[in-house]
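Working notes, structure below.
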Amino acid sequence: MEFFELGKISLLIGFGLIVLGFWGILSQKNIIKIILSFTIMETGVNILIVSLGYVKGKTAPIIDSAVEQGANHSVLGQVVDPVPQALVLTAIVIGFGTTALLLAYAMKLFKAKRTLQINNFNDLKW
Amino acid sequence: MVDPIYIIAAALGVGFAIGILGNIGRNFAGGLTLATIAFMSFVSAQWFAGFYFGNVSSSYIFTAGFQPPLSINLLMGAEEAFLTFIVNLLGLLGGIYLFVNFKRKGRNAFVIYLVLLMGFNVVIMTRDIFNLFVFLEITSIATAGLILIEKGNRAVGAGFKYLLATSIISSMLLIGIIFAYFYTGTLNIDMIIESNLRYMVGGPIIIFLILISAILELKPFPANGWGLDVYEGAHQGFSAIVSAGTATASLYMLYKLLPIASPEWSYYIALLGAVTFIGANLLGVKQRFARRVLAYSSVGQLGLLMLILGLRGFLGPNVNYVFFGILITNILAKTGFFWLVGIVKANEIKEWAIIRRKPFLLFLMGVFIFALVGFPPFPSFFSKWTFVMDLANHGLFGWISVIIIGSFLEAVYLMRWFGYAVKSEDDYKFDFKIQIHKITPIIILTALLFVIGYFTAQFTETGAMINFIPLLFVAVLYFADALPIWVKNTIAILGMGIYFYFTYPQLDNLRLIFEVIFIIGGILTLIAGYNYKGKRQGFYPVALLMFAGLAAIIEAQTTLEFFYGWELMTAGSYFLIIRGKKSMPHALSYMLFSLGGAYALLMAFSIANIGVVFPSLDILNNIANYPVWAYGLLLAGFLTKTASVGLHIWLPGAHGEAESDVSPMVSAILLKAGVFGVLLTLIGMGQSTYDLGTLAYILGWVGAITVFVGNLGAVFQEDAKRLLAYSSIGQLGYIVFAFAIMTHLGWLTGFTYTINHFMYKAVLFLTIGAVVLRVGTHNMYEMGGLIKRMPLAFIAVLIGIIALSGVPPLSGFTGKWLFYNAVIEKGWYFQGVLVFFSGGLAFLYLYRLIQTVFLGQLKDNLRNVKEISFWFLIPIYVLIIGLMVFAAMPQLVLQPLGTLIANYFPNNQLVWEGSYAYTAIGHWTGTGVMISIMVMFLGTLLLVKLSTRKAHKLKQFDIVFSGERPHRPETTHVAHNMYAGFYKAVWPFTLPAVETFWNWISDFIHETAGFVRRIYSGNGQAYMLHIVLFIIIMFFITIGGTI
Amino acid sequence: MSIYLKLGATLLGFLIVLNWGMLMSAIFRKIVARLAGRHGIPFYQPWIDLLKNIGIRTTLTHGVMFYLGPIFRFTGALGMFLFMPALFGSDLWANFSFQGDIVLILYFQLFGMLGMALGAGEGGHPHSTIGITRGLAQHAAIELPLTLGIIALAIQYQTLSLNEIIAAQQGGMANWSIFTNPVAGAAILLAALGAMGHSPFNLVKAPNEIPIGPPTEYHSTYLGVLMSSGAVLHVMEAALFMNLLFGGATSWPEFILKTFLIYFYSVFVGAVFPRFRIEQSVVWFFKIPLALGILAILLISF
Amino acid sequence: MKAIVQEITEKYNLQNAVFQRDNMAFVEVEKKFAIDLVTFLKDYHQFSHFVMMSCVDWIEDGQFQLLYLLHNPALKVDIGIKTYLNRTEPVMQSAHHLWKQIWTYQREIKEAFGIDFPGSPNVDENFVLEGWTEIPHMRRDFDTAAYSEKTYFPREGRFTHDPATYMREKLYPNQPVTAKKNTNE
Amino acid sequence: MNDKINEMLQRSAQNANQSEKSFIRPEDEEREVIAPDGSTIKINPIYDYFSGKKPQEEKPLNGVVEKFLNWARAESIWVLGFGTGCGSIEIPPLMTPRFDAYRFGVQMRATPRQSNAFIISGYLSVKTLKRVIRSYEQMPSPKYVLALGSCTINGGMYYDSYSTINRLDKYIPVDVYIAGCMPRPEALLAGFMKLKELIKEGKAEKANEYARNFDEYKANQKKIIKDWNMPDYNW
């Protein structure tokens, strides 16, 4: 039954969100919904990053009271892999940046053609 | 050496400073940005110079004080230095170009621009894969940001699609990275490579994710709608930087990531590159808008670079040389062109006629187009050459044909665009002005193009042998274009004279003949140039370019030098032809046929170069592998220049529409370059150990049919110059057929015809050109009765047609007599008879020429037209003296020729006893026949003149007109539709079968392009779907579905 | 064999041929008259016509090329006689045939035609130009079977020089090339029909359509020169075919007899057939004569 | 045939209709109705064939008489429409729009009689004579013999014999005259 | 309707003064033409296109040569194929077996340039006279005219016609008149015999006579040919 243990579940959720996000981008006609589904995908990826760093039975990589420090105790043995969590921070910031810019675009697109349907913005073609 | 980290530090520092300092002056902010970019380019320039002069080795930069697995490290190797230097330099020039634009948008535009450049630098230098992802995202956000803050909503849609697409790609990359970390435990690329990820379970899928996003960044063909829209939509100055920057950065990123994956990936990348290169250029053919054409062209060039990346395994040592050569040309030319579009602001390519208002811009556009298509002296020419040579060494002819087809398609639409710019009517209201800050970057780029072109040439050993002096002479003439005509003309003639004086001693007899035809012929036709008034802008540099090319061909020792001369000649002659008034479509077809021919030569040379260290010209003598293919392609290439049947449709238009003194240059001289080529090939075939009889036999038939098609076409022409152009096709058919006989007599005939054709075709074209200048029209039925006004022109054309038709006293008969003997001795009876019948047809169109133009009724508006200009008469009568001497004493020329040919074909030569020539089956004397005919002629003339002393001179209407008086000269002059009866008998042969064939092909290309480009529907979502589908398809292709 | 004697002999030969040509045209007109039941002209009529034309007092000229036309034509006729051996074997009457072979003769025909064409063109009369265009088109078509036939002969005898061809045909009727190489002979004879310019192919000087075509504007001495060169050309055309196919002539009577018969072969054919339009005559030469020519070469070369 | 003539007589109150033969009739109509009558006959009564158009110079009553002769191919009957023009103002409405051959007839009549048909295609061009300066030559007030006498050089002493008497004196000089003597001089 | 009437009246008035207007067609009037280099050229369709020189007498040579040439000219008379009036149907029979004029060296030629005799066979309307004069003047110098029928002698039965001339020799010199209201071919042959005698005696020099009093002939001709758009002497 280890299939349903914590690490795997979060992986599945992450992949699920990514697929959901992709589906949203490809199917929704409204730009805001596209941006929303993009953020869903973004969070899916972030969950994936974090869940990959999970080590069963280890605690968060913050050296505080929950982790015994001591001469012979190596902290690494007790904590989960810290690098993915560092990476996820940057990924979230970048995700945030992109979404902000997308929303700014959505605003300008709306101002341009008073509509948010993606199909109306295909003037540069062929 | 300044530590490269300062590049990033400076950029970030100034970016934050501008942000923090608040409302400092925009100029100050702009100045500060430019200063930082200058500093960044200085750093990378310092490193690049270090590497170039060899005293520096590549060094790693460690951040945050830790070793790689724990921290990001950057590398400043030779490639990185070079690429960052390019990006920064472009950034600097872009900054200058966009200074006013950014100033208008505000300070943060400068900041974003700075961040963008920093992003490119880091993507090139970083060795950490996550860092790569971060800075990739930064560049895409910066690009989208710059597009967003532009006024107007032209590019908003494109920006949105761009941002969405790049975000999806980078999230795929992120997934790949995180799994790579999960498997290998490190983010450093070098370590990932060592951990040979690809052998682990599930490793290939990770590699697939990473590489596919790297590839998608390079906008591969089906999934690059979003990239095209940005290039087209964004402000030109800016889209230039994006196109150049992303190209360099993402290409290098892919190069860094490739070692991770298994070797097949290079094959897949090469495949994708090929698809993009051909696909983008195919679609470019159908485009009408200037920016969109440029967008397709840059995507196409990206495809080519991917192709090189994919095939780098086969390039051995000069992978850098090829890659950087083409990259540099693409970047410089593409950016320059984008900025040029920014200045000219014409939307449709047809409207580009307005560029003619500033000839300097037209020159710039010409430079960029010729650089992109890969003409000498630009770097892409040498790189493409080396690339094709190395591929051929490994027998990869499939890839070579891909390159050739792609570059041909690119040449199609770029040349057409240039044709519109030079020739379409300029009746557009809107105008443009040149700001100084926009033009200076472009000038710098052009200068760089030439300089780098020269250095790339020096880089290779064969390239170094190319003699660049003639090209310098052309440049001198270009800058002296403001001088009056007679100054430039004298300089040009002196230049050629001196060149001839220095080079002719070293040449053997064979090359000497062609040298005389090219240079002395050139001087003679240039003398006719004195007739023109004013400055005649742009004629002399271009004419000298052609002659420089011709000289280079003669002088060539190596195949590269020959190909270099060949391309120069094509460029020069293209510019010459396009000067004619209605010559745009013909110049375009001429260029495309010549390019087709040039690429055939390239392919042939590549086959010849297999396994050869030093590609000297005599490797053509015994091509080891696939000789039939090699010689066939060589012949095909040269036959486009001699306009043999099937490849002849460009000649009538090109020579017909050219200017009066250009048509003789192009017709009498240029076609001989093709003949020289055919000659070299045939010498090669002669010495080759393989049996190439069938190839010579086919060449014979091609020559014979060309004679028939050329002469028959000429009979029914209404336009005098078109008639002479068709006659040139016919005469060239003679020459090709004669050389194809491959016997002593055959070659002697070929040479006689080459010399003869040069002389009488130059005479005919010069005279008719001068007459056209006087009369103002090409149509023969509008001229007539000019013998009374232009007796000297009449005598010249009379001698010309007697010589051309082969009537005994003159030199044409020498050719015909040798022809008879050669054909009977060789045994090619039926081709021979077809040629003799076409000789009869020659007589028809020659009579038509002289009757409609000089005899018959003098039209009203030509009553007091003056004799043709004195400057035309000099070369004409010099050539006529030449013809007469050659007719009277043929042995003066034929004997030395005989000895020359003897060392190729020793047996059954032409035996000379004094002035009597004997072959195995016939005898003839030139001087004897000339004397007896002259005596008979003068005798009868004397007799008749005596008995008709007091003849009364009549005027034009004193003719027997069945009792009536003729009312108008137009109604009594027989000129229009002159051989109506003969047409009714032979019309099936005059149907334009070849034209319809070529038209069908061009329509086919246009239809497919029109059909395929439908996939770019402009809808953002559709583009995203393309990306996803592309990923799925590539997934199945590359990993075949195994996880 | 001093050059003067040779020149004198050639001149004498030319006079013989000139008078024989005039006589032959008189006989031709007499035969056509007899066919129509008329007495026809006295046999000396051509001489009188020539004399009368030379005697005409006014001469008009349209320009330089106009009066050079007949001179070219006459030089062409004189040259045809000069470059062809009149009598085989006799050094006296071999004329200047040592200067060139049959190619020279073939292409020298064009010399006369070119001059005539330019002269008629200068005349400015539309009919003369139309006549010339028809003549040239027809000549181009004639050249096809003629060249095929001559090449077939050249292969058979392995030579292009006329003397050697005649030499090979000596010794009786049997080895005349009309019998040894009949197909080539047939092709050449059909081409001869066109070369002679009698009825089926006399469109060039068709009297009623375009009043005698090219020489419309010519009169007095010019017309005299044209008539005499026309007469010589008729004889020399016949002589060419004689030398090619019928074993040449070793004595003047044989020369006269053979040229007479060849000339009247085309006359009799002409008397029976109506005149062809230009496209019909050109196409006619592309049918049977062309086929015969190709067959001749195929037979000889394999 | 009678029915047709009857109908047009009432319609255009024609004066004396003459039945030359049972398939040939002549009617006279005023000048201004002439063309209307011709058009009426052509369109309503299938007189589709235009036979001829002629003109007679009645100098005595100072009038030109124009005759339009039409033929009905179905009924195989002809009808001639006569109109009278005043000699002093010889102008008639042109009928060139009905049949093309009328152009030539009108051109001839213009040259011969000087009757002008304004609007008829190239009516002023020479029909037969070139450079004719006298009054129209078919008018009866034009004396051709006098004109010939004046312009061309008549040979003196030319006289005409009456063939009948002259031949009889020549052939049978002393035969008695049986036939009645004609008096032509 | 009445504006149509007075418009007709106005037209007929304008035609009345036709006599003064010149008969030269617009094509033959002077015109301006733009040359290729932009300058304008004045074209006078009569003096620019025709040599327009006066004919001059061509004296016969001295005795014996002229006699011999006259003999040759008599023996080969080439007749111009130009039939006017009803007599031209009499000429073809000469070429048939019954009469066979070839025996006497008489031959029909298509162009005036190559012909010596001109047969005026019948009445000559003013229109035809204009063409006859041009063809006659284009014939080379020793040229003879045979006039058939009474119409050329004294106008014949068309003596009182307004358009035919009465005496031919007022317009072109005539060598031999052959009387008859169309003489039969035999008479025509007799005419030729008469002409031969005249030529042999050297009395057939009418061409020089035409040249001598050329102006008088030309005045007569121009009096009746009003639309003379040709040069005075047609070479």
Side-chain angles (χ1 to χ4, degrees), chain B residues 785 787-788 791 794 798 802 805-808 813 816-817 820-821 824 827 829-830 832-833 836-837 840-841 843-844 847 850-851 855-857 921-925 928-929 932-933 936-937 940-941 944 947-948 950-954 956 958-960 962 972-974 978-979 981-982 984-986, chain C residues 54 58-65 67 70-71 74-75 78-79 82 96 98-101 103-104 107-108 110-111 114 117-118 121-126 129-130 132-134 136-137 139-140 143-144 147-148 151 154-155 158-161 216-217 221-222 225 277-279 282-283 294 297 301:
Chain B
I787 183 171
K788 298 182 174 56
F794 172 75
L798 179 64
I802 292 179
S805 60
V807 168
F813 180 70
K816 290 274 201 274
W817 179 68
Y820 245 90
N821 290 297
I824 292 176
Y829 305 124
F830 297 114
V833 169
F836 295 133
F837 171 64
L841 294 182
F843 209 79
L844 263 69
Y847 172 68
I850 197 158
Q851 153 68 15
L855 306 174
Q857 299 288 342
I921 46 175
H923 62 280
W924 169 71
T925 165
V929 165
S932 31
I933 290 176
M936 287 192 289
F937 186 80
T940 13
L941 179 65
V944 169
S947 80
T948 59
K950 45 184 176 40
H952 167 73
K953 294 267 176 309
L954 297 181
Q956 61 187 78
D958 292 327
I959 54 174
V960 162
S962 57
T972 39
H973 181 58
V974 168
M978 210 163 136
Y979 289 106
F982 191 58
K984 285 209 261 304
V986 287
Chain C
I54 291 168
T58 43
T59 44
L60 313 162
T61 170
H62 283 275
V64 174
M65 207 53 225
Y67 72 75
I71 294 158
F74 191 79
T75 326
L78 187 58
L82 206 66
F96 279 58
F98 57 86
Q99 283 194 335
D101 49 19
V103 179
L104 179 62
Y107 277 94
F108 200 70
L110 293 176
F111 187 85
L114 172 71
L118 296 177
E122 171 83 51
H125 201 292
T129 320
I130 295 168
I132 292 291
T133 49
R134 292 176 173 172
L136 289 180
H139 182 79
E143 198 135 316
L144 201 54
T147 328
L148 279 166
I151 287 187
I155 306 163
Q158 276 309 316
T159 170
L160 273 172
S161 100
T216 318
E217 286 295 316
T221 326
Y222 307 126
V225 167
R277 276 205 321 276
I278 179 67
E279 58 269 16
V282 167
V283 166
I294 292 171
I297 289 195
S301 51

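Per chain, numbering begins at 1; letters A, B, ... match sequence-line order.
Using a 4.5 Å cut-off between heavy atoms, His62(C) contacts chain B through both its backbone and its side chain. Only the side chain of Ser932(B) comes within contact range of chain C, with at least one heavy atom under 4.5 Å from a heavy atom of that chain. For Glu143(C), the part lying under 4.5 angstrom from a heavy atom of chain B is the side chain only. Looking at Tyr222(C), only its side chain comes within 4.5 Å of chain B, counting heavy atoms on both sides. Proximity to chain B (any heavy atom under 4.5 Å) is restricted, for Leu82(C), to the side chain, taken from C-beta onward. The part of Tyr979(B) that comes within reach of chain C is its side chain, from C-beta onward, which places non-hydrogen atoms under 4.5 angstrom from that chain. Of the atoms belonging to Ile54(C), not a single heavy atom falls under 4.5 Å from chain B. With a threshold of 4.5 angstrom between heavy atoms, Gln956(B) does not approach chain C through any atom at all. Interface remark: Ile850(B) contributes side-chain atoms only to the contact with chain C (heavy atom separation under 4.5 Å).
Of all the listed residues (Ala140(C), Pro70(C), Gly121(C)), the one sharing the greatest number of non-hydrogen pairs under 4.5 Å with chain B is Gly121(C). Interface summary for chain C: among Leu841(B), Ile933(B), Asn821(B), the most heavy-atom pairs under 4.5 angstrom belong to Ile933(B). Note on Val807(B), Leu798(B), Ile802(B): by heavy-atom pairs under 4.5 Å with chain C, the leading option is Val807(B). By number of non-hydrogen pairs under 4.5 angstrom with chain C, the leading residue of Val960(B), Asp958(B), Val986(B) is Val960(B). Taking chain B as the reference chain and counting heavy-atom pairs below 4.5 Å, the highest number among Leu114(C), Val64(C), Val283(C) is found for Leu114(C). Between chain C and the residues Phe794(B), Trp924(B), Phe843(B), the largest count of heavy-atom pairs under 4.5 Å involves Phe843(B). Each of Lys953(B), Gln851(B), His923(B) has some count of heavy-atom pairs under 4.5 Å with chain C, and the biggest count is that of His923(B).
Within the 4.5 Å cutoff, side-chain heavy atoms of Pro126(C) are placed close to those of Ile959(B). Side chains of Phe982(B) and Thr133(C) form no contact here, defined as non-hydrogen atoms less than 4.5 Å apart.
Taking each heavy atom of Val282(C) and Ala985(B) in turn, the nearest pair found is CG1-CB, 3.7 Å. Of all heavy-atom pairs spanning Lys816(B) and Tyr107(C), the tightest one is CD-OH, 3.1 Å.
In this structure, CD1 in Ile824(B) is found 5.0 Å from CD1 in Ile151(C), a value given to the nearest 0.5 Å. The distance from the CG atom of Leu136(C) to the CG atom of Leu844(B) is 5.5 Å, given to the nearest 0.5 Å. Between the CG atom of Leu104(C) and the CH2 atom of Trp817(B) there is a distance of 10.5 Å, given to the nearest 0.5 Å. In this structure, Leu144(C) CG and Phe836(B) CZ are separated by 12.0 Å, a value rounded to the nearest 0.5 Å. Here CZ of Phe937(B) is found 6.0 Å from CZ of Phe111(C). Values are rounded to the nearest 0.5 Å. Taking CD1 of Ile155(C) as the reference point, atom OH of Tyr829(B) lies at 4.0 Å (rounded to 0.5 Å).
Residues meeting the side chain to side chain contact (heavy atoms under 4.5 Å, CB included) test with Thr58(C), sequence neighbours left out: Ile56(C), Glu58(E), Pro140(E), Ser141(E). Contacts of Glu122(C) classified as salt bridge (Lys or Arg N to Asp or Glu O under 4.0 Å), with partners at least two apart in sequence or in another chain: Lys788(B).
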Quick one: do Ile297(C) and Phe830(B) satisfy side chain to side chain contact (heavy atoms under 4.5 Å, CB included)? Show the steps, please.
CA-CA 9 Å; Ile297(C) 289 195; Phe830(B) 297 114; 3.7 Å; yes
Under the side chain to side chain contact (heavy atoms under 4.5 Å, CB included) criterion, do Lys984(B) and Ile278(C) qualify, and how do the steps go?
CA-CA 9 Å; Lys984(B) 285 209 261 304; Ile278(C) 179 67; over 6 Å; no
Carefully, step by step, assess His952(B) and Thr61(C) under the rule side chain to side chain contact (heavy atoms under 4.5 Å, CB included).
CA-CA 6 Å; His952(B) 167 73; Thr61(C) 170; over 6 Å; no
Between Tyr820(B) and Thr147(C), is the side chain to side chain contact (heavy atoms under 4.5 Å, CB included) condition met? List the steps.
CA-CA 10 Å; Tyr820(B) 245 90; Thr147(C) 328; 2.9 Å; yes
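The closest donor-acceptor contact from the side chain of Thr159(C) to the backbone of Ile921(B) lies under 3.5 Å. A distance-only check finds a donor-acceptor pair linking the side chain of Gln99(C) to the backbone of Gly928(B) [under 3.5 Å].
Thr129(C) pairs in a side-chain contact (heavy atoms from CB on, under 4.5 Å) with only one of the listed residues (Thr972(B), Leu855(B), Val974(B)), which is Val974(B).
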